[in-house]
A.B. asks: 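Here you go, one structure.
The figures that follow rest on heavy atoms only: side chains count, while hydrogens, waters and symmetry mates do not. Convention: sequence-line order gives letters A, B, ...; per-chain numbering from 1.
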Amino acid sequence: MQRLVLSCCTVASLLAAREAAAACPAGVPWPAADWPEALMSGPTVAAADEYLFTLTGRDEDREGIRTDGVVMVHRGRVVYEHYARGYAQHNRHLAWSVSKSFLNAMVGVGVGRGALTVDDSICDHYDAGAELCDVTVGDLLDWGSGIDWNEGYEDEPYYLSSVIAMLYGIGSGDMAAFVAAQGLAETPGTIYRYSSGDTVLLSAVLAGALGPGLAADYPWEFIFDPIGMTSAMFERDQAGTYVGSSYVYATPRDMARFGYLFLHDGCWDGEQIVPEGWVAASTQPNPSFQMGKSYEHFLRDGDAVPGRHWWLNLPVPDLAHERRWPAAPPDTFAGLGHWGQTIFVVPSADLVLVRVADDRESGFDQNRYLELALTLAAEDSP
Amino acid sequence: MTRRALPALLALALAACNDEAFDNNDAELAVRQKAKEMCSCLFVMELTEQECAAWTRVSPNVARATIDRENKRVHAVALGFWAADARFDGRHGCVHD
């Protein structure tokens with residue numbers, strides 16, 4: 001019953017958002033072949049340069065903050081852009097888990113086209129085995145499938161990590177099949193557990209829903225081409241499934257286009273690319289997180305609140321805690337990836353921030369970064 | 001063989017015998033990681049070999065890559081026994097062979 005109530009709430013929020021959102025807004029500046037520039041200078045730019053791009057220690061020791069590139073888009077213009085460590089404007093960068101937010105958008109387009117719904121069983125579209133047929137598309141979007149999974153990286157023995165086994169080990173040939181073979185550890189939809197496996201399975205489910213005519217090209221048809229992400233590449237496993245957990249590549253300027261799409265509720269140059277209401281529904285605390293009250297590790301690790309393959313700056317009503325990025329407004333949301341990849345979207349400041357990096361340590365202060373960016377945005381305001 | 005390499009090789013030998021959890025050992029994972037990520041770094045991110053060697057370095061750093069630029073392929077080996085290949089596939093980036 002609780003699950004049904006939450007599902008109804010999700011539908012209600014989608015409908016409410018749909019009512020609130022008019023057609024795609026007029027008067028928004030859209031980048032054509034490239035972004036217009038209004039590059040800033042002055043003490044705040046110097047402070048941003050210093051914070052973001054000062055290396056500590058020897059580069060080969062991979063210590064401290066190691067920013068490869070930053071693009072800030074305010075009011076539709078690039079106001080700050082800087083690259084380092086061998087990167088330039090033309091280099092694609094690995095998005096790591098920011099790729100998950102791209103897959104969210106692609107699923108949204110698939111839902112908008114009627115290929116699938118968030119309430120569908122994944123077995124409607126992918127042969128996951130009978131045990132997983134209670135898992136819905138929405139559960140995967142929530143990282144709430146209940147599939148047994150250990151999302152460990154370099155900080156624990158590799159052989160214990162589900163994600164490393166999936167990307168490089170026994171699961172790498174057919175990643176979705178590997179994920180499905182892990183079986184359930186929890187009842188689907190009752191608990192949130194961050195999982196690259198859920199995302200890869202979601203990618204296979206989406207491909208199944210779209211059918212062979214679209215499965216190979218949907219990233220470009222749905223998202224990359226309509227918003228002009230000409231640099232985008234998206235890697236697949238040997239079975240042909242897009243590795244939606246990890247392997248989108250694009251230039252930071254093109255990643256900013258994606259952030260700008262979500263800044264404008266899925267609209268691009270007058271066209272509704274992602275369905276109305278999808279952005280709003282994706283940027284609320286996800287139902288599995290709320291229902292499972294999966295707060296222990298959330299509080300311990302200082303994580304952002306999980307939306308549907310996006311991360312939120314909202315407070316959790318049950319908890320008296322500080323928002324993840326107190327310097328930023330509560331409507332801020334982000335795609336977050338390993339080693340410091342981020343796309344921040346701040347609707348109330350008309351701001352999109354892209355940072356690509358190679359942070360092998362955890363010292364980068366996202367709140368400080370947002371504080372600097374918001375100061376720049378305030379200085380840029382008319 | 002340096003004194004620093006010995007502990008890493010011992011750890012690897014132990015890991016190679018470990019069949020807990022997932023049936024992979026560190027050398028096998030390292031070589032597959034090296035082939036795939038080196039390919040992506042060179043042909044997708046378009047960085048230099050030196051930069052890509054740094055980007056793909058993991059611990060234990062036992063995998064070595066051979067690059068075929070003409071065919072956009074990377075072959076990686078570790079400890080003379082484990083090997084893996086990856087190839088570039090246009091806008092679909094790199095994939096293990």
A.B. asks: How are the rings of Tyr168(A) and His96(B) set to each other: parallel, tilted or perpendicular (split at 30° and 60°)?
C.D. replies: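 The rings of Tyr168(A) and His96(B) stand perpendicular, inter-plane angle above 60°.
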
A.B. asks: Could you tell me whether Phe178(A) and Phe22(B) have their ring centroids closer than 6.0 angstrom?
C.D. replies: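 When the ring centroids of Phe178(A) and Phe22(B) are compared, they turn out to be within the sub-6.0 Å range.
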
A.B. asks: Checking salt bridge (charged side-chain N to carboxylate O under 4.0 Å, His left out) for the pair Asp237(A)/Lys36(B): CA distance, chi angles, key distance, verdict?
C.D. replies: CA-CA 11 Å; Asp237(A) 66 10; Lys36(B) 154 64 182 71; over 6 Å; no

A.B. asks: Could you tell me whether the side chain of Tyr158(A) reaches within less than 4.5 Å of the side chain of Pro60(B), counting heavy atoms only?
C.D. replies: yes

A.B. asks: May I ask you to check whether Glu154(A) and Ser59(B) show a side-chain donor-acceptor distance below 3.5 Å?
C.D. replies: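 No, no side-chain donor-acceptor pair sits under 3.5 Å.
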
A.B. asks: Under a 4.5 Å heavy-atom cut-off, does chain A meet the side chain of Asp89(B), its backbone, both or neither?
C.D. replies: side chain

A.B. asks: Which heavy atom of Leu47(B) sits nearest to which heavy atom of Tyr87(A), and what is that distance?
C.D. replies: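 That closest heavy-atom pairing would be CD1-OH, 3.1 Å.
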
A.B. asks: Locate the shortest heavy-atom distance separating Met45(B) from Asn91(A); write the atom from each residue and the value.
C.D. replies: O-ND2, 2.8 Å

A.B. asks: Using non-hydrogen atoms and a 4.5 Å limit, figure out which bit of Glu37(B) sits close to chain A: side chain, backbone, both or neither.
C.D. replies: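 The answer is the side chain of Glu37(B).
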
A.B. asks: Taking the six-membered ring of Trp55(B) as reference, does the cationic atom of Arg360(A) (NZ for Lys, CZ for Arg) lie under 6.0 Å from its centre and within 45° of its axis?
C.D. replies: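 Flagged: Arg360(A) positioned over aromatic ring of Trp55(B).
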
A.B. asks: Kindly give the heavy-atom pair with the smallest separation between Glu46(B) and Arg92(A), and that separation in Å.
C.D. replies: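 Looking at all heavy atoms of both residues, the shortest contact is OE1-NH1, 3.5 Å.
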
A.B. asks: Given a strict heavy-atom distance threshold of 4.5 Å, which part of Thr48(B) is in contact with chain A: side chain, backbone, both, or neither?
C.D. replies: neither

A.B. asks: At a 4.5 Å cut-off on heavy atoms, which part of Glu51(B) comes close to chain A: side chain, backbone, both, or neither?
C.D. replies: side chain

